[in-house]
Amino acid sequence: MNLAKFPRRGYVTTPTPIEPLPNFSKALDGKVNIYIKRDDMLPGTAGGNKTRKLDFCMADALAQGANAIITCGAVQSNHCRLTLAWAVKEGLDCHLVLEERVKGSYKPEASGNNFLFQLLGVKSITVVPGGSDMICEMGKVAETLKAQGKKPYVIPGGASNKIGALGYVNCAEEILRQLFEMKLSIDHMIVPSGSAGTHAGIIAGMYANNACIPVTGIGVNRPKDVQEAAVHKLAQETLKYIGAPVSLPADKVVAFDDYVGPGYSLPTGSMVEAVKLLAGTEAILLDPVYSGKAMAGLIDLVRKGHFPEGTNLLFLHTGGSPALFAYLDTFRK
């Protein structure tokens, strides 16, 4: 693969660390060895995985002469925070369309990412009901901006298209190089699986490099069959886009839906346990929507004996800890 042929802004200049989690592993009886890929430490306001995707998406926007960015997400969207952050750095206006997936959940005065949207100077926020056609809603904002003489560029939720997924194809190659340099063999990788771009990009990168490291996604929103189909479709599109002469078997995509709980962004007991356990053993903060539920899935799978004893597991930390501050009541119970 030659990712250098795709324009990017250079937001990611150094690899994020891969760290062992000895205390956390011991807290899970020490039967497996757990490592963490710290994409929570990526550049951008408060860090997170979307920076890798936006590295490519923002380059495409600027190449098209855009002077305004439109994107969407849930009311505490980490993606919206980072899109806004990089738009500020690039001198671009940023307009957000927030989907109120839980009725009444949008509170302009809320902490977490809602506060950061205001602090970073978002140009406009449009709140729409859960289940809205977000592409259509962003299109309405785009038409309004065009009528004002602006040239908007629309980035889909999570920057999850074949352009954004390049960020995680690159991450897969970064991981493989790091593992080689660390003389570390990883048997299995666990990733949060939401809008599909991160999961699809990692799978495409691993598969195109013939890495033979199985990747399991822990879904945070959709039923298993729907999520796996979405990830597989985007991974195939990404492989085609990068010119990899491979066809991805459907069984290479696994996304469990057992840890979503009552719905997207709604707290679960296992998520709270996961966040507290990692904080209390390794002083690393997860977020309550993606990495918290994904880590809850990892914990449950380890406890069930899903992985053979001695397995080396790598968990992808996608960031998002600012959202914790919108869930204070959940963690103080």
Side-chain angles (χ1 to χ4, degrees), residues 3-4 6-19 35-63 66 69-71 73 76-94 96 112-123 153 155-161 163-178 181 191-192 194-195 197-199 201-202 205 278 282-287 289-291 294 314-325:
L3 295 182
F6 300 101
R8 62 188 180 92
R9 296 299 292 160
Y11 300 154
V12 183
T13 56
T14 57
T16 57
I18 292 176
E19 300 175 359
Y35 296 80
I36 191 167
K37 173 68 170 168
R38 297 290 306 273
D39 271 13
D40 59 313
M41 297 175 68
L42 281 164
T45 302
N49 66 320
K50 302 308 188 292
T51 286
R52 289 192 189 272
K53 302 177 181 182
L54 292 165
D55 200 2
F56 291 90
C57 290
M58 285 294 193
D60 190 55
L62 291 169
I69 301 294
I70 303 167
T71 198
Q76 280 286 340
S77 170
N78 294 309
H79 164 68
C80 286
R81 165 177 48 86
L82 279 168
T83 302
L84 171 58
W86 288 112
V88 169
K89 292 286 284 185
E90 297 287 5
L92 304 173
D93 291 348
C94 185
L96 304 178
N113 286 321
N114 283 177
F115 168 66
L116 294 181
F117 297 158
Q118 303 301 332
L119 188 64
L120 290 166
V122 65
K123 292 300 180 183
Y153 180 93
I155 296 177
S160 288
N161 57 13
I163 298 174
L166 292 175
Y168 273 88
V169 174
N170 185 47
C171 181
E173 295 196 323
E174 177 180 299
I175 289 169
L176 294 175
R177 171 55 56 180
Q178 287 177 292
E181 292 173 351
V191 302
S195 57
T198 298
H199 190 179
I202 284 285
L278 189 64
E282 303 287 354
I284 296 173
L285 300 179
L286 298 169
D287 90 289
V289 180
Y290 287 85
S291 55
L314 178 63
F315 179 83
L316 175 64
H317 189 346
T318 52
S321 61
L324 282 172
F325 298 98

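Heads up: numbering here begins at 1 and tracks the sequence.
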Give me the atom names and distance for the closest heavy-atom approach of [X] to [Y].
{"X": "Asn113", "Y": "Ala323", "result": "ND2-CB, 4.2 Å"}
{"X": "Cys57", "Y": "Ile155", "result": "CB-CD1, 4.2 Å"}
{"X": "Thr318", "Y": "Ser291", "result": "OG1-CB, 4.1 Å"}
{"X": "Gly47", "Y": "Leu82", "result": "O-CD1, 3.5 Å"}
{"X": "Asp55", "Y": "Gly10", "result": "OD1-N, 2.6 Å"}
{"X": "Ala159", "Y": "Leu54", "result": "CB-CD2, 4.4 Å"}

Between CZ on residue Arg177 and CD1 on residue Ile175, distance to nearest 0.5 Å: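 If we round to the nearest 0.5 Å, Arg177:CZ and Ile175:CD1 are 13.5 Å apart.
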Distance check, rounded to the nearest 0.5 Å: Leu314 atom CG versus Gln178 atom CD?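 Leu314 CG to Gln178 CD: 9.0 Å, rounded to 0.5 Å.
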Any side-chain heavy-atom pair of [X] and [Y] under 4.5 Å:
{"X": "Gln76", "Y": "Val289", "answer": "no"}
{"X": "Arg38", "Y": "Ile284", "answer": "yes"}
{"X": "Thr198", "Y": "Lys53", "answer": "yes"}
{"X": "Tyr11", "Y": "Leu42", "answer": "no"}
{"X": "Glu19", "Y": "Tyr35", "answer": "no"}

Checking His79 now: which residues fulfil side chain to side chain donor-acceptor pair (under 3.5 Å) with it, not counting sequence neighbours?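 So His79 forms a side chain to side chain donor-acceptor pair (under 3.5 Å) with Thr71, Thr83.
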Stepwise side chain to side chain contact (heavy atoms under 4.5 Å, CB included) test for Lys89 and Met58: CA-CA 11 Å; Lys89 292 286 284 185; Met58 285 294 193; over 6 Å; no
Taking atom CZ of Phe6 as the centre, does the number of heavy atoms from other residues, nucleotides or ligands within less than 6.0 Å exceed 12?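 Result for CZ/Phe6: enclosed.
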